[in-house]
Amino acid sequence: MGIIILPFILIALIAFIISVVILFKSLLKKELNPKNFLIGTITSISIYFLIFMDYKTSESSYALGTYFMFPFFLILIPFTGGIILKIINKPKTIEISNSLFTSVILSGLFMVLFSKYTFGIIEYLGISKHY
């Protein structure tokens, strides 16, 4: 299973790094404002809360599901949305894309710093695992 998980995690890592670069360029262009950070934070917390509630209400879970679910919903989907909105290149879409890239960065940092609660959520909640 590691053969499948490793490329998936690497893709999420690459998306995280690209988000950092794009957000840094936006910072240099002065396209960022505190509202982007607020919306990005709310987006990350909301997605994490929804995933947490999904696990909390389930009776059993796939043992390696967290390694797919968290990077997919917290990094890959907001990153893809941010790229699409950045390509559209209108002032409002650039503002929304900057918020999504902020969400990707905050989610990536949260997943690394609190990996016990992210990737170990099944054990933390005491959910039965199946393989």
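These numbers come from the heavy atoms of this one structure, side chains and all, not from hydrogens, waters or symmetry mates. Given the structure is predicted, the values throughout are model-derived calculations rather than measurements.
With rounding to the nearest 0.5 angstrom, the OG1 atom of Thr118 is 8.0 Å from the CG atom of Leu74. Rounded to the nearest 0.5 Å, atoms CG (Leu64) and OG1 (Thr66) are 7.0 Å apart. The distance from atom CG of Leu100 to atom OG of Ser44, rounded to the nearest 0.5 Å, is 9.5 Å. For the atom pair CD1 of Ile5 and CG of Leu10, the computed distance is 11.5 Å after rounding to the nearest 0.5 Å. Expressed to the nearest 0.5 Å, how far CD1 of Ile18 lies from CD1 of Ile105 amounts to 11.5 Å. Considering OG of Ser61 and CE of Met69, their distance stands at 7.0 Å, rounded to 0.5 Å.
Closest heavy-atom contact between Leu32 and Asn98: CD2-CB, 3.7 Å. In terms of heavy atoms, Ala15 sits closest to Ile75 at CB-CG2, 3.9 Å. Residues Ser103 and Thr43 come closest through the heavy atom pair OG-CG2, 3.6 Å. Summarising the geometry of Val104 relative to Pro78, their closest heavy-atom pair is CG2-CB, 3.7 Å, with the distance given to 0.1 Å. Annotation for Gly40 and Leu106: closest pair C-CD1, 4.1 Å, computed over non-hydrogen atoms.
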inquiry  = For Phe16 and Leu109: C-alpha separation, side-chain torsions, deciding distance, then whether side-chain contact (heavy atoms from CB on, under 4.5 Å) applies.
reply    = CA-CA 9 Å; Phe16 174 81; Leu109 291 174; 4.2 Å; yes
ask   = Hey, mind stepping through Ile83 and Ile22 against side-chain contact (heavy atoms from CB on, under 4.5 Å) and telling me if it holds?
value = CA-CA 10 Å; Ile83 290 292; Ile22 290 173; 3.9 Å; yes
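One N or O on the side chain of Ser97 and one on the backbone of Ile94 form a donor-acceptor pair closer than 3.5 Å. The closest donor-acceptor contact from the side chain of Asn36 to the backbone of Asn33 lies under 3.5 Å. No donor-acceptor distance shorter than 3.5 angstrom exists from the side chain of Ser99 to the backbone of Lys35, with no hydrogens or angles considered. At least one donor-acceptor pair under 3.5 Å links the side chain of Ser58 to the backbone N or O of Tyr55.
Here the side chains of Ile77 and Thr80 are not in contact, with every heavy-atom distance at 4.5 Å or above.
Looking at Glu123 and Lys116, no side-chain N of the basic residue comes within less than 4.0 Å of a carboxylate O on the acidic one, giving no salt bridge.
Cluster membership check: Phe79 does not share its hydrophobic cluster with Ile39, using side-chain heavy-atom separations under 4.5 Å among Ile, Leu, Val, Met, Phe, Trp and Tyr. With hydrophobic clusters built from ILVMFWY side chains whose heavy atoms lie under 4.5 angstrom apart, Phe72 does not share a cluster with Ile45. Hydrophobic clustering (ILVMFWY, side-chain heavy atoms < 4.5 Å, transitive): Ile96 and Ile47 are in distinct clusters. Both Met53 and Tyr62 are part of a single hydrophobic cluster, where members link through side-chain heavy atoms under 4.5 Å apart. Cluster annotation: Ile14 is not connected to Val112 through the hydrophobic network of ILVMFWY side chains, with a link wherever side-chain heavy atoms come within less than 4.5 Å.
Ring centers of Phe114 and Phe110: under 6.0 Å apart, within the cut-off. You'll find the ring centres of Tyr48 and Phe73 outside the 6.0 Å limit. Taking the six-membered ring where the residue is Trp, the centroids of Phe8 and Tyr67 are separated by 6.0 Å or more.
Checking Ile9, Ile11, Leu13 one by one against Pro71, the side chain to side chain contact (heavy atoms under 4.5 Å, CB included) holds for a single residue, Ile9.
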